[in-house]
Protein chains: 2
Amino acid sequence: MTTIKQVASYAGVSVATVSRVINETGYVHEDTRRKVEEAVKQLNYKPNEVARSLYKKKSRLIGLLLPDITNPYFPLLARGVEDRMQENDFRIIFGNSDEDRQKELDYMDTFIQNNVVGVISSTNNPDTDCYANLKIPVVFLDRTSSDSLSVYADGTHGGRLAAQEMIARGSRQITVLQGPAHIRPAQDRFRGAVEELQRLNITYHVVATTSFSFKEAESWAKELFSKHPDTDGVIASNDIVATAVMHEAHRLGKKIPEDVQIIGFDDIPLSSLLFPPLSTIRQPAYEMGWEAAGLLIQLIEQSQAAKSSMRQLHSSIQLPVKFIERETTRKVDFHG
Amino acid sequence: MTTIKQVASYAGVSVATVSRVINETGYVHEDTRRKVEEAVKQLNYKPNEVARSLYKKKSRLIGLLLPDITNPYFPLLARGVEDRMQENDFRIIFGNSDEDRQKELDYMDTFIQNNVVGVISSTNNPDTDCYANLKIPVVFLDRTSSDSLSVYADGTHGGRLAAQEMIARGSRQITVLQGPAHIRPAQDRFRGAVEELQRLNITYHVVATTSFSFKEAESWAKELFSKHPDTDGVIASNDIVATAVMHEAHRLGKKIPEDVQIIGFDDIPLSSLLFPPLSTIRQPAYEMGWEAAGLLIQLIEQSQAAKSSMRQLHSSIQLPVKFIERETTRKVDFHG
DNA sequence: TTGTACGCGTTATCAC
DNA sequence: GTGATAACGCGTACAA
């Protein structure tokens, strides 16, 4: 690691001057600038981010906290965040929380200790102290918070959409899988679906679930078809659960979509690869990550500039969901 | 952020003393220790990692470089790395390289600038300068390098296994999909499969591929069945490609596994969720990440301790692969 | 056993 | 225009 001092002596100037040309701050004679630039190139000098961070009390690092990167929904979110951050020369410290309060706190602590300038968190506890007391901007991703900024998809509308499409395609005995109670977006979807079903005056049943794990979903799928054998339409809480339902339907010899239609939620990469390919309500995960990063960057730059004036210029971003018609739902001509 | 100075004045001691109790270095009277600990708790003091890093010229950060977290194979690797690092109080700066040389270099630079103490990289260019000139330990993950340490699965054996299982289950017209030439493990698998096929004196065809993208894999799958319509066994370069082959087989009305058997590679989460569930050669991705992290930690600690003596105590780790029998291959009684 | 003072690499504030 | 120099928060000789 070559330091600014070495560059300075190589160029025959003081460190102050080197700093000036590096940061393009203050006047510096054209000739000396060239000398310095030459020295920088020769010595392959790269400023030490740590020293910078220490002095300025802010780094080019942001913290990204996700429940579990192993869950197929999150890689796309992460990639969206990463791409946008990369473009703006921010780096990411990444952690999995497993929706565990303690892990979450630990990560937040180490984020702070490393002088991150912002945090993107996909947490179920956005209103907890560790966020409220934070002195740096936070954006909640895929989770809503009452007073903080967040980026999320329109789950309620998604639920409604799922119900509408199901009905438009002729199912009348709907069973809705209610996602985990502690996951806000899952409840939004559920509520949306149920409201629409009620509005449409359709009978429906509900099967409660507590996670998005495939293993567990398999048993709920069994429960679904044994408790409600006449079900001809399933609105699943996400694509993983929908997949488990498909497997169980196969096992029972039910034809998809003739005997039972299935609609998932998320549109994870898996969905289009299933057989038959899964119809689902698409959340634009990559875009969500991208938008969250963009929002956070704005907040960071704003807090650099006007420390007190004009706060809260920005607001949460709700992204639209979309019905992706594939082959677990029947075709309709009139639909549009 | 409360600093060590504040803790010191709160406790009525010097910063040196506070530092001593924090780091458990040097003598300190029991009474003062308690005073300091009390102050630390009262003020909720957490040492500033940045200052530490600057002084010691080493952080608690490691760099993790993956081709693309969006590729379903990598989240498990990442999780393995993260879990082990977390246990040892290391944090991860994460980046996607897209197998792009420039991005890779950029990330390596910023890793260095942030004083990371080690790097785990899943790169196709392990022998490039940016690694050779590195002053910190590197572990290559899922990629082999001639002189550096790496953690990888036994691809060659995996290929052989795939061929054996295919033959044991009665296929005689094998087509092997040759994975991307620039990806070493893909070539290992391919070589293993072909060698075994030759040894067994079986006719086989090869279809070349250049990526693991599903979109492209679809066209190779078409090519496969049109050029070699009598194929009754496909050894795919990975599970994504195998999935594309399954789709094409479906489309052509071929029964799996009766008309054509298919074996994938990796055992990504998707594989067990397909219909029929995909038989595949499992790479223990999570364990690979875990082992890579463990190895890197050892290297880090070793380089802390004995700066010059006893180097290269450790060696690369090759993890075993395993045939996962699911339903894209036929059953055999005798097999074991 | 404890405190003072310096240095880690940078930036910013002054003089010159 | 340019160069000393203090400061960021911490760890560690060295002195006391």
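Below, chains carry the letters A, B, ... as their sequence lines are ordered, and counting in each starts from 1. Note that these values count all heavy atoms, side chains included, but never hydrogens, waters or copies made by symmetry.
- Applying the ring pair (Phe, Tyr, Trp, His ring centres under 6.0 Å) rule to Phe94(A) yields no partners; only residues at least two apart in sequence or on another chain are considered.
- Using a 4.0 Å heavy-atom cutoff across all strands shown, Thr32(B) reaches sugar-phosphate atoms only and no base atom.
- For CD of Glu24(B), the number of neighbouring non-hydrogen atoms (other residues, nucleotides, ligands) closer than 6.0 Å is 12 at most.
- Using a 30° and 60° split on the angle between ring planes, Phe111(B) and Tyr107(B) fall in the tilted class, from 30° to 60°.
- Minimum heavy-atom separation, Ser122(B) to Leu141(B): OG-O, 3.1 Å.
- Ser150(A) and Arg143(A) get closest at one heavy-atom pair: CB-O, 3.2 Å.
- Looking at Arg52(A) and Asn23(A), their side chains do bring a donor and an acceptor atom within 3.5 Å of each other.
- Here ring pair (Phe, Tyr, Trp, His ring centres under 6.0 Å) pairs that include residues 117-139 of chain B, with residues two or more places apart or in two chains, are Tyr131(B)-Phe140(B).
- Each of Leu61(B), Val116(B), Ile62(B), Leu296(B) was compared with Phe90(B) under the side-chain contact (heavy atoms from CB on, under 4.5 Å) criterion, and only Ile62(B) meets it.
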Exercise for the section: Verify side chain to side chain contact (heavy atoms under 4.5 Å, CB included) between Ile297(B) and Met85(B), making sure each step is shown before the conclusion. Expected result: CA-CA 8 Å; Ile297(B) 290 169; Met85(B) 283 303 174; 3.9 Å; yes

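- Summary of helix geometry: the two end axes of the helix from dT1(C)-dA16(D) to dC16(C)-dG1(D), each defined by five base pairs via their C1' atoms, are inclined to each other by 50° (rounded to 10°).
- Judged as a ring pair (Phe, Tyr, Trp, His ring centres under 6.0 Å), not a single pair has a partner in residues 33-67 of chain A (not counting sequence neighbours).
- Bracketed by its first and final contacts, the part of DNA chain C lying under 4.0 Å from non-hydrogen atoms of chain B reaches from dT1(C) to dG9(C) in 5' to 3' order.
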Problem - Base versus backbone protein contacts along nucleotides 8-16 of chain D [heavy-atom cut-off under 4.0 Å; B, S, -] - result: BBBBBB---

